[in-house]
S.K.: 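Got a structure here, written out as structure tokens. Questions coming.
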Amino acid sequence: MNDRSDFLYPRSRYYGRVKPENMVFNANLQEFAQRVNFICALETGGKLSPEDAYKQIKGLWKQLKRSKKQLGIGKEAFEPEDNNGDNPEAN
């Protein structure tokens, strides 16, 4: 059963900066991509209307954005790397 799950829901290894929130967001992002892929396949195959596909993807996007905000992803991009005066751009 595990092989089937791995086949249907493949996960790629995370190579980014190892922080718990980054790893959680990466898992959420991979799930988003997988679900969007399924929705696209259903819409392409005529099993889902374009409007329904759009609504579902929009809902998934909102969930991903909420996850990003709750995890604080991207906030540190505007903070200096270090506060000991070694970063000339921080002055």
S.K.: Could you measure the distance from the CG atom of Leu60 to the CG atom of Asn28? Nearest 0.5 Å is fine.
M.R.: 11.5 Å

S.K.: Would you indicate whether the side-chain heavy atoms of Leu42 and Asp52 approach each other to under 4.5 Å?
M.R.: no

S.K.: Taking all heavy atoms of Glu21 and all of Ile73, pick out the closest pair and write down the distance.
M.R.: O-CD1, 3.6 Å

S.K.: Would you give the length of the straight line joining atom CZ of Arg13 to atom CD of Gln30, rounded to the nearest 0.5 angstrom?
M.R.: 12.5 Å

S.K.: Any side-chain heavy atom of Phe32 within less than 4.5 Å of one from Val36?
M.R.: yes

S.K.: State the NZ-OG distance between Lys55 and Ser49, to the nearest 0.5 angstrom.
M.R.: 7.5 Å

S.K.: Minimum heavy-atom separation for Asn22 to Arg17, with atom names?
M.R.: ND2-O, 3.0 Å

S.K.: If you count every heavy atom of other residues, nucleotides or ligands that lies below 6.0 Å from Tyr14 atom OH, does the total exceed 12?
M.R.: yes

S.K.: Are Leu64 and Met23 grouped together when hydrophobic residues (ILVMFWY) are joined by side-chain heavy atoms under 4.5 angstrom apart?
M.R.: no

S.K.: Group every Ile, Leu, Val, Met, Phe, Trp and Tyr by side-chain heavy-atom contacts under 4.5 Å, then state whether Tyr54 and Ile39 land in the same group.
M.R.: no

S.K.: Quick check: closest heavy atoms across Asn26 and Ser12, and the distance to 0.1 Å?
M.R.: OD1-O, 4.5 Å

S.K.: Can you tell if the side chain of Arg66 reaches within under 4.5 Å of the side chain of Gln63, non-hydrogen atoms only?
M.R.: yes

